> 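First, the structure itself, so that you have it in front of you.
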Amino acid sequence: MSNNFFSIIIPTRQRHDTLKHSIQSVLNQTKDNFELIIMDNFSSPETAETVALFNDPRIKYFRAPERLSMSDNWELGLSQATGDYLFVLGDDDALMPDGLELAFNLINEYNIHIVSWLRYAYGWPNAIAPWIRNRLHLNLVQVAEIWESKEKLQQFYKGQISHENLPTIYNSFIHKSLILKIKAAHNKYFQTSIPDVYSGIVNSYFSEVYLYSFRALSVTGSSGHSTGASSLCPSLNAKPINDFLKDEKKDITSEIHPSLVPSFSQLSSLIPEIAIKPEVAIANVKLLAKELLFSGDNNYEVNINNVIVSLTSSLSVDPGSYDNTLKYIYALAQKYNIPFSTLTIPAKLTREEAEPYQGPIFNSNGLTNQLIINCQQVGIDNVAQAVQLAQGILPRIENIKINSVSQKFEQQQNRERNFKILNPLILLDGVFFQLYNTGIARVWRSVLEEWAGTDFSQHLLILDRAGTAPKIPGLRYLTIEPYDYNNTDTDREMLQQICDEHGADIFISTYYTTPLSTPSVFMAYDMIPEVLGADFNEPMWREKHYAIRHASAYISISENTARDLAKFFPDIELKSITVAHCGVKSFYTPASSEEINYFRIKYGISKPYFLSVGGGGGYKNTILFLKALSTLCSRQGFEIVLTGSGFKLEAEFRTYTSGNVVHMLQLSDDELKAAYSGAVALVYPSKYEGFGLPVVEAMSCGCPVITCPNASIPEVAGEAALYVNDEDVNAMANALCDVQKSDIRNLMIAAGFEQAQKFSWSTMGRTVSSALIEATLIPLNLKNINLILFPDWSQAEESLGMELEEAIRAAMTHPDRNRMTLLIDISSIAEEEAIMILSSVTMNLLMQEDLDGTDEPQISLIKNLAEIQWQALLPVLHSRIILKNENKQTAAKVESVNLPAVQIESFASQRFKD
C-alpha cells in the first residue's frame with residue numbers, strides 16, 4: 001500500500017547513458033506525489049550504478065532475475081507499482097516538468113480513469129534516423145478532448161487513427177483498477193510482444209471514455225537505442241531490433257497471424273524481416289488482440305488493404321529493405337485479390353544526408369500549429385534538457401482546456417452535476433491514509449471502491465488529509481489539513497467546523513479522530529493495546545479511547561473484536577455493535593506457474609518455502625514457527641519467506657534459522673499473490689488478530705494455512721486451517737509435516753477455497769454503509785417497539801389536536817410504553833409549529849389525573865427522511881397507527897412494505913413482543 005498518486009515505471013535494458021536523463025526529467029516534476037520504478041531487464045552493473053547516483057527515496061530499483069522479453073519486463077515493472085495511476089516512460093523519453101501537475105489537475109477536475117496525450121518528439125544526437133537528430137518537435141495546440149474509448153478503437157482498426165491516439169500505457173496515466181480488471185480477466189496485462197500498442201487496444205476495450213490532450217505531458221525520445229526506429233530503418237542500425245528479437249526467446253514468425261502470411265511458401269524467408277515493420281507489427285497486434293478480446297465482434301476488423309497502403313507509403317523510408325518489402329506487398333495483395341494497379345508504389349530512392357528541417361509547420365488554414373527546433377543551436381543534447389526547453393517555449397498553464405467531450409462523457413458529467421452531496425451527510429476522515437500504509441488502509445480502500453458510484457456515495461464526503469487519500473472516481477473529496485498528534489484539540493475544532501459548514505449528520509474516522517459534538521461512529525479493528533496492556537498515555541491510544549467514548553454507534557471487523565470492545569468498555573452493549581467482516585479481492589486467485597517462477601527467480605528462492613506475512617515479533621509469534629522448523633530433520637530442505645518484518649532478521653530469529661535461507665521481503669500485491677500460491681503453507685501463529693487478512697488471502701490463492709485458534713482467526717479460517725496452540729512447538733512441527741502430505745494438503749486447499757468465498761468487500765461495504773445510515777437515525781431514539789403515524793397537519797387545529805391527543809394518550813398509557821418510540825411525521829409542517837402543537841397536547845395529557853408521566857414513551861419527530869433512511873427505518877417499525885385524517889403522500893412510504901396498521905382503539909390494548 002502506498003500514498004503515491006502516480007507510479008512511473010521506466011523499463012530499461014543496457015541504456016544507462018539515456019536512462020539517467022529520463023530519471024532526471026521525472027525528479028524535476030513540479031508535483032511531488034509519485035514513485036519512480038526502474039525495472040532493469042538484467043542489464044550490466046552500469047544501470048544499477050546510474051540509478052544509485054541519484055540517491056532519491058522516491059526511486060525504487062528492481063532487476064529482473066534473467067533477461068526477459070520486453071512485455072514480460074514491463075509486466076514485472078507494473079507488478080511493483082503501488083500508486084493510483086500508472087504510466088510507462090521509455091528509457092530515452094522524458095516527462096514534461098509539469099506533466100504530473102497537469103495530469104493531477106485533469107484527473108481531479110474530470111474524475112476520469114485515463115488521461116492520454118499526443119507526445120512531443122525529440123531526436124537524440126545519435127538518433128538512428130539522421131533527419132531527426134537533435135530536433136525537438138512540438139505541437140502548439142494546448143487543448144484536450146474526451147473521447148469514447150470503443151469509438152476510437154474502431155477507428156484504429158479501420159486505419160483512420162494511429163495507435164498514438166489510443167490510451168496506451170506509454171502515453172497515458174491509467175488508473176490501477178483498470179489494469180487489475182484486465183489482469184483478472186486475462187491473467188496478464190500484456191499479451192503480445194509489442195506492449196505499448198496492445199495496451200492501447202486493451203485499455204480502450206475495457207474502458208468507457210478517456211481524456212486525450214494535444215498538449216503533451218511527455219516527450220518520446222528517439223536515440224541510437226530505439227527499437228521502433230530500428231524496426232523502421234533496419235539498414236541504418238539493426239542492433240536494437242535484433243536485440244529485441246533475441247530477448248523474445250522465440251521465433252518471431254510463430255506469433256505472426258496467418259492473415260498476414262502470403263500464400264507463396266517461397267516468401268516465408270521474408271517473414272522475419274517483414275514482421276518487424278511497424279505497419280505489419282501493429283496489424284499483427286490488432287489481429288491477435290481481436291482473437292483474445294473480442295473475436296465475435298465485427299466492429300473491429302483489420303482491413304488488409306489499409307495495411308498494404310501503409311506499407312507502400314513508407315517504402316522509401318528505408319531503401320535497404322525496399323525490395324523485400326515490395327515483394328511482400330505484391331504477395332499479400334495477390335492473396336487478397338487486390339489489383340496491383342490500385343497501389344501507388346513510390347520509386348526506390350538513394351538516401352541523401354539532407355540537413356534536418358527546423359522551423360514552423362503550417363496547417364491547412366495557413367496557421368502555425370507545430371514547431372521543429374534545432375536543439376544544437378541552444379546547446380541541448382539530451383531529452384531532459386529538451387523538455388525544459390519545451391516548457392520554456394510553451395505558455396504556462398495550470399490546466400488544459402477541454403475543447404470537446406464525447407456524448408457518453410457528457411451524460412456522465414450531467415449525472416455528476418446532479419450528483420450532489422445529499423442528506424443525510426456522512427463525513428469520513430481519511431486520516432489513516434496520511435499516517436500509515438498497513439492493512440487498515442487496504443481495508444478502507446477496498447470499501448471505498450465498493451461505494452464508488454453507488455447511491456450511498458451521494459451521501460458521503462471524504463476528508464482528504466493533505467491529498468493522501470486514494471482518488472477513486474465516483475467519490476467526493478474535501479482536502480483538509482494533515483493530522484498531528486500534538487494538536488488533537490485543534491484538530492477536533494477544525495473537524496467540528498467542517499461538520500457544521502456542511503451540515504454533517506454522522507462522522508466516521510478511519511483512525512480515531514473525532515469532532516467536538518457531531519455524532520460519530522467508531523470503527524474497531526482490534527483491541528490489541530487493551531488485551532496486551534499498552535501505555536494509554538500514548539497519544540494514539542489516548543485518542544482511540546476518546547473516540548470510543550465519543551461514539552454513538554460502533555462497527556467491528558470481527559465478532560471477537562466486538563466482544564473485546566464490549567468487555568473493555570462495559571457501557572457498550574455487545575448487541576449494539578455491527579460486525580462487518582473484511583473481504584478478499586477477486587485478484588487473489590491461484591497464480592500461474594509462470595508468475596510463481598518469476599517470483600522465485602527474482603528473489604532467488606530455490607527450494608520449497610514456508611511463508612509468514614505481517615511481521616514477526618510480539619503477538620505475531622513467528623518465533624513459534626521458527627522454533628518448530630528448527631526441530632525438523634528436513635529443515636534444510638526449506639527456505640523461509642518473511643514479509644512485513646523489515647529487512648533485518650531479528651537476533652531472536654537467527655537462533656533458529658541456522659541452515660535455512662531466510663528472505664525478508666516487502667512485496668507488491670502481485671508478488672504477494674505469487675508468494676501465497678507457491679508456498680508450502682502460510683504459517684500464521686498469531687496470538688491476537690482483529691481479523692487476519694493474510695489468512696483469507698492465502699486460502700483464496702490455494703495456499704494451506706497453519707495458525708492458532710486465537711481471537712478472530714477461527715472466524716476467518718473456519719475448519720480450513722490446521723490449528724496449533726500458540727506455545728506448542730511440537731504441535732507446530734507436526735503441522736509443518738502434515739501440510740506436506742498430499743491428502744491433507746488437497747483437503748485444506750479445497751476447504752480454503754470454500755471458506756474464502758464467505759468474505760467479500762462488497763458485503764463489508766454494504767454492512768458498513770447500512771450501519772452508517774442507521775446511525776443517522778440515532779436522534780429518533782428508536783426502541784424495541786417503534787410505531788409511526790402520519791398526521792394531516794392541514795386539518796383544523798381543533799380536530800388535529802384531538803386526534804393527536806388520542807394517539808399519544810394510547811401510547812402514554814400503554815403497558816409497553818417504556819419500550820416504545822412513537823414516531824410522528826412532520827414533513828408537511830414547519831418543525832417549530834409541530835413542536836408547539838405537540839407540546840400543548842402532551843402538557844394537557846400530563847395534567848390529567850390518570851397520567852403521572854412516569855415511564856412515558858419516547859416521542860420523536862420525522863422530517864424529510866431521505867429514501868436511503870426510509871430503507872433503514874422501515875425494517876424496525878412495528879406498526880403504523882391509523883388516523884382519521886392522514887397525510888396520504890407520506891403514509892404511502894410504509895403502505896408499500898405491508899407494515900401492519902392498527903386503529904388507536906385496538907392499539908391501546910395490544911401487547912407487543914420484542
Side-chain angles (χ1 to χ4, degrees), residues 111 113 175 177 412-433 440-464 469-478 498-499 502-511 515 518-525 551-557 577-583 585-586 759-780 782 862-877 893 896-897:
N111 201 21
H113 268 166
H175 195 273
S177 64
Q412 178 181 321
Q413 286 292 92
N414 288 335
R415 289 195 300 269
E416 288 287 322
R417 292 187 190 100
N418 295 329
F419 180 84
K420 299 176 182 177
I421 300 294
L422 304 178
N423 288 327
L425 172 60
I426 297 163
L427 288 188
L428 187 148
D429 188 351
V431 63
F432 195 89
F433 295 108
I440 294 173
R442 292 169 65 194
V443 169
W444 274 109
R445 182 179 186 124
S446 299
V447 170
L448 291 175
E449 287 172 348
E450 293 295 331
W451 287 344
T454 64
D455 289 343
F456 176 74
S457 67
Q458 299 180 63
H459 300 271
L460 182 69
L461 180 61
I462 300 166
L463 304 183
D464 183 6
K471 303 303 183 296
I472 300 171
L475 298 177
R476 295 300 177 90
Y477 297 84
L478 176 67
I498 294 170
C499 288
H502 291 271
D505 295 272
I506 283 291
F507 177 92
I508 183 170
S509 176
T510 53
Y511 209 61
T518 298
S520 65
V521 175
F522 179 81
M523 175 71 92
Y525 310 109
S552 303
Y554 303 87
I555 302 171
S556 168
I557 64 172
I577 304 171
T578 298
V579 175
H581 286 121
C582 298
K585 284 187 175 295
S586 58
F759 304 98
S760 72
W761 292 117
S762 59
T763 300
M764 184 180 190
R766 288 193 299 271
T767 303
V768 174
S769 61
S770 296
L772 292 173
I773 293 299
E774 288 168 10
T776 67
L777 302 177
I778 289 174
L780 298 181
L782 299 174
I862 295 180
K863 183 176 180 65
N864 298 327
L865 289 186
E867 182 62 33
I868 201 167
Q869 288 174 297
W870 276 110
Q871 292 172 9
L873 177 62
L874 291 175
V876 298
L877 291 180
K893 290 282 185 184
S896 62
V897 294

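Throughout, numbering of the chain's residues begins at 1 and tracks the sequence. What you are looking at is a predicted structure, and each value in this text was computed from that prediction instead of being measured.
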> Is a side-chain N or O of His502 found less than 3.5 angstrom from the main chain of Ala504, in a donor-acceptor match?
no
> Taking all non-hydrogen atoms of both residues, which atom of Ala469 and which atom of Lys471 are closest, and how far apart?
O-NZ, 2.8 Å
> What's the shortest heavy-atom distance between Val447 and Gly765, and which atoms?
CG1-CA, 4.3 Å
> Kindly write out the residues that satisfy ring-ring contact (aromatic ring centres under 6.0 Å, His included) with His581, not counting sequence neighbours, or none if the list is empty.
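Partners of His581 under the ring-ring contact (aromatic ring centres under 6.0 Å, His included) test: Phe759.
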> Could you report the tightest heavy-atom contact between Met764 and Ala580, atom names first, then the distance?
CE-O, 3.6 Å
> Ignoring hydrogens and angles, write down the donor-acceptor pairs under 3.5 Å from the side chains of residues 770-778, residues two or more places apart or on other chains.
unit_1 : atom_1 : unit_2 : atom_2 : d
Ser770 : OG     : Arg766 : O      : 2.9
Thr776 : OG1    : Ile773 : O      : 2.5
Thr776 : OG1    : Gln869 : NE2    : 3.0

> Which heavy-atom pair separates Ser509 from Met523 by the least distance, and what is that distance?
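Looking at all heavy atoms of both residues, the closest pair is O-CB, 4.4 Å.
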> To the nearest 0.5 angstrom, please state how far the CH2 atom of Trp444 sits from the OH atom of Tyr511.
13.5 Å
> Excluding sequence neighbours, so at least two apart, what forms ring-ring contact (aromatic ring centres under 6.0 Å, His included) with Trp761?
none
> Compare every heavy atom of Cys499 with every heavy atom of Pro515, then report the nearest pair and how far apart it is.
CB-SG, 4.1 Å
> Please identify each residue that fulfils ring-ring contact (aromatic ring centres under 6.0 Å, His included) with Tyr477, with sequence neighbours left out.
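Testing Tyr477 for ring-ring contact (aromatic ring centres under 6.0 Å, His included), a comparison that skips the adjacent residues, returns none.
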> With rounding to the nearest 0.5 angstrom, report the CD1 to CG distance, Ile862 to Leu873.
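Between Ile862 CD1 and Leu873 CG, I get 5.0 Å after rounding to 0.5 Å.
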> Where the side chain of Thr510 meets the backbone of Val431, is there a donor-acceptor pair that is under 3.5 Å apart?
yes
> Start with the C-alpha distance between Trp451 and Ile462, add both sets of side-chain angles, then the distance that settles side-chain contact (heavy atoms from CB on, under 4.5 Å), and finish with yes or no.
CA-CA 12 Å; Trp451 287 344; Ile462 300 166; over 6 Å; no
> Sequence neighbours excluded, which residues qualify as ring-ring contact (aromatic ring centres under 6.0 Å, His included) partners of Phe522?
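Per chain and number, Phe522 pairs via ring-ring contact (aromatic ring centres under 6.0 Å, His included) with Tyr512.
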> Would you compute the distance between atom NZ of Lys585 and atom CD of Glu449 and round it to the nearest 0.5 angstrom?
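So the gap between those two atoms works out to 4.0 Å.
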> Just verifying a value: how many Å separate Tyr525 OH and Cys582 SG, rounded to the nearest 0.5 Å?
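Going from OH on Tyr525 over to SG on Cys582, the span is 9.5 Å.
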> Who passes side-chain hydrogen bond (donor to acceptor under 3.5 Å, both in side chains) against Ser760, sequence neighbours left out?
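Partners of Ser760 under the side-chain hydrogen bond (donor to acceptor under 3.5 Å, both in side chains) test: Ser762, Thr763.
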> Measure the CG-CD1 distance between Leu427 and Ile506 for me, rounded to the nearest 0.5 Å.
10.0 Å
> Can you name the nearest heavy-atom pair linking Ile426 to Phe456, along with the distance?
CD1-CE1, 3.5 Å
> Could you grab the distance from atom CG of Leu448 to atom CZ of Phe433, nearest 0.5 Å is fine?
5.5 Å
